[in-house]
Amino acid sequence: MKSRRKLGSVCGGEVVLSWKTFFWFVILFVFSFVLFSTMFVFKGKFRPVVRSSTISFSTARAVLGDSVTPSPAVTIREAVKLPEQTLVFLKYPQSLRLFTKADLVCVFSSGGDSSKLRKEQPTAVDSDKFGGQIVRCPETPRGYTISLAVSRWMTDDHLPAGPTHRWDWLVYDALIDHDNSTVVFVKGLNLRPGKVADVSRYECVYGWDFAKHNRLIRANVISAAQEIVRCKTPLAVLDGPKSVHGPVKVSVRIKGGTGMLPSIARPDRGPGRSTHSPRRKPFGMCVCTMTRNAAAVLREWVMYHAGIGVQRWFIYDNNSDDDMIAEIKDLESRGYNISRHFWPWIKTQEAGFSSCAIRARSDCDWVAFIDVDEFFYIPSGQTLTSVIRNYTASNEIGEIRTPCHSFGPSGLKSRPRGGVTAGYTCRVVLPERHKSILRPESMNATLINVIHHFHLKDGFTFADVDKDVMVINHYKYQVWEVFKEKFYRRVATYVADWQNEENVGSRDRAPGLGTRPIEPPDWAERFCEVTDTGLRDQVLENFKDNKTQRLIWEGEDEERS
């Protein structure tokens, strides 16, 4: 007799199911479950791929749901319009990966007219001091606004633009100095070079949102000169809690005048806070410079000066777009203590030197302020430290001033193979203005400096080095392919650009050259009044590798004659 199972009744009857029928029912259910589960998995695996090159990010987000995640936490904090470029400042959450140059596209738009939308690649992307990024975009056309898009999505969606500031009316940087005062760098006050301004005209203002006037902290100004305002930092700023908005900003208000300047400046608390006693600093001799696109000459400049006693280099990079970063990293890997500080602000050499002097104060006994085409030459073969020691028997000496000899093209038509020190041997007879080696503690609080010289505190004075003891070889007028680059950028605030018609007779210009970048027929022979092979001979004797017969800074791929 077959086994039967009673399942219940319907309309008074019984429904009886055999065990065989029940068994096949279970098998069918399991098979159906497996089949539909497999179809669901394969459907997900072989879903059509949405290519970023054919669909906007907003569409991709709708199609793929959470499988594509934008970066809503990344925002454009603000932007600054400079001549030749626009800086865009990105704010990141701590956990998010930073974008690369290849990720980003600069987007310029004019109102709501999509036909006027322009996209260009950024020239570079730099990290800032607070975990964000500074994107260098081409110059913003008149009447356009700027924002950023993420190129890997190929999208018309872009990060909303933040406030955009004028460069000529801006608080652009700030540092907390060793005495806890705030050093504020300002463009637009138009203070006279080398002169101290009336501090009663100004006050410093701290806050996260300058539109909320009832939440701002005001502070007295200690000094004001050139582009620098020094403020008494409020304790609430020094010791206050961190804000979700990031580091506090500082600005300057002109009392009874045009009001408060826009600001992108967030005081950096790092430099200047010395943990070393004045006699136990890590480095005896340091160098500060501001330069642009100096990758081709940086190695010679650093290695030579290391050989005469420099131990630390601060490179203020003024918008380089060559291999400067890679060159600095290579020098670091070779054991040179060198750091790059991105300084995008045009024609602000004096302000940059003040910033560098503050950074160097805690680490360096002495700091030289020279350019990358300037080399200390000590005929006796002594080190820089020895020369300084001989001139600073008195503790009142706060600055050493060294005269400069200006070298010309020396008959060359192309870059010298072994570098400038071995290649250029003809110069002008009379020395030009001096350059400075500074004891950081001797700086005046105003930080005034003109032509590489700082104003000193009361009680300090300077010493002039005799040109027979030490001189700077300034390779000022090099072969035309190098010299012509100077026509496109001058870093000093109070020095006229080459192409301007003002101060044509100034010593800062090449005599008889004019204001146009056109090579004179006799350029290679100019500025050759006396032959001077002193530094060349010293370099060939002391900096040549005996095995390869190359100077230590020469690359292995350079051609040999």
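Given the structure is predicted, the values throughout are model-derived calculations rather than measurements.
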**OP:** Would you tell me whether Q133 and Y92 have side-chain atoms, one donor and one acceptor, within less than 3.5 Å of each other?
**Re:** yes
Subject >> Residue pair E300 / T421, side-chain donor-acceptor N/O under 3.5 Å >> reply: yes
Subject >> Pairing residues for F460 by the ring pair (Phe, Tyr, Trp, His ring centres under 6.0 Å) criterion, not counting sequence neighbours >> reply: none
Original post:
Okay, side chain of S436, backbone of F369: is any donor-acceptor separation there less than 3.5 Å?
Top reply: no
**OP:** Can you run down the salt bridge (Lys or Arg N to Asp or Glu O under 4.0 Å) pairs that involve residues 329-341, sequence neighbours left out, and say none if there aren't any?
**Re:** D126-R340, R299-D330, D317-R340, D330-R334
**OP:** Ignoring hydrogens and angles, tell me if any N or O in the side chain of D323 forms a donor-acceptor pair with the backbone of A326 under 3.5 Å.
**Re:** no
**OP:** Using atom types as modelled and distance alone, determine if a side-chain donor or acceptor of T392 lies under 3.5 Å from a backbone N or O of I388.
**Re:** yes
Original post:
Can you tell me if T425 and T533 form a side-chain donor-acceptor pair at under 3.5 Å?
Top reply: no
**OP:** Write out all pairs satisfying ring pair (Phe, Tyr, Trp, His ring centres under 6.0 Å) with one or both partners inside residues 517-552, taking only residues at least two apart or from two chains.
**Re:** Y304-F543, Y477-F527, W480-W523, F483-W523, W523-F527, F543-W553
**OP:** Output all residues satisfying salt bridge (Lys or Arg N to Asp or Glu O under 4.0 Å) with D522, sequence neighbours left out; order by chain, then residue number.
**Re:** R526
Original post:
Is the backbone of P416 close enough, under 3.5 Å, to the side chain of Y424 for a donor and an acceptor to pair up by distance?
Top reply: no
**OP:** Assess whether side chain to side chain contact (heavy atoms under 4.5 Å, CB included) is satisfied between W167 and K81, documenting all intermediate values.
**Re:** CA-CA 6 Å; W167 163 236; K81 287 185 178 181; 6.0 Å; no
Original post:
Quick one: which of Q226, M443, H453 gives a side-chain contact (heavy atoms from CB on, under 4.5 Å) with I448?
Top reply: Q226
**OP:** Would you please indicate yes or no on a ring centroid separation below 6.0 angstrom for F454 and F353?
**Re:** no
Original post:
To the nearest 0.5 Å, how far apart are OH in Y316 and OG1 in T348?
Top reply: 10.5 Å
**OP:** Check whether any side-chain N or O of T291 sits under 3.5 Å from a backbone N or O of V372 as a donor-acceptor pair, and report yes or no.
**Re:** no
**OP:** Pick out which of W345, F314, W343 makes a side-chain contact (heavy atoms from CB on, under 4.5 Å) with S355.
**Re:** W343
Original post:
Rounded to the nearest 0.5 Å, what separation is found between the CG atom of N293 and the CG atom of N318?
Top reply: 10.0 Å
**OP:** Sequence neighbours left out, what passes disulfide (SG to SG under 2.5 Å) with C528? Give chain and number order.
**Re:** C426
**OP:** Sequence neighbours left out, what pairs pass disulfide bond (SG atoms under 2.5 Å apart) with at least one residue falling in residues 335-387?
**Re:** C286-C364, C288-C356
Original post:
Any donor-acceptor pair under 3.5 Å linking the side chain of D128 with the backbone of F130?
Top reply: yes
**OP:** Find the distance between CE (M470) and CD1 (I378) and round it off to the nearest 0.5 Å.
**Re:** 5.5 Å
Original post:
Distance-only, no hydrogens or angles: does the N390 side chain make a donor-acceptor pair with backbone N or O of V387 under 3.5 Å?
Top reply: no
Original post:
Where the side chain of K281 meets the backbone of R361, is there a donor-acceptor pair that is under 3.5 Å apart?
Top reply: yes
Original post:
Can T123 and R136 be counted as having a side-chain donor-acceptor contact under 3.5 angstrom?
Top reply: no
Original post:
Do NZ/NE/NH1/NH2 and the carboxylate oxygens of R415 and E481 come within less than 4.0 Å?
Top reply: yes
**OP:** Determine whether S354 and F185 make a side-chain contact, defined as any pair of heavy atoms from C-beta on separated by less than 4.5 Å.
**Re:** yes
Subject >> Check: S320 side chain, D322 main-chain N or O, donor-acceptor pair, under 3.5 Å >> reply: no
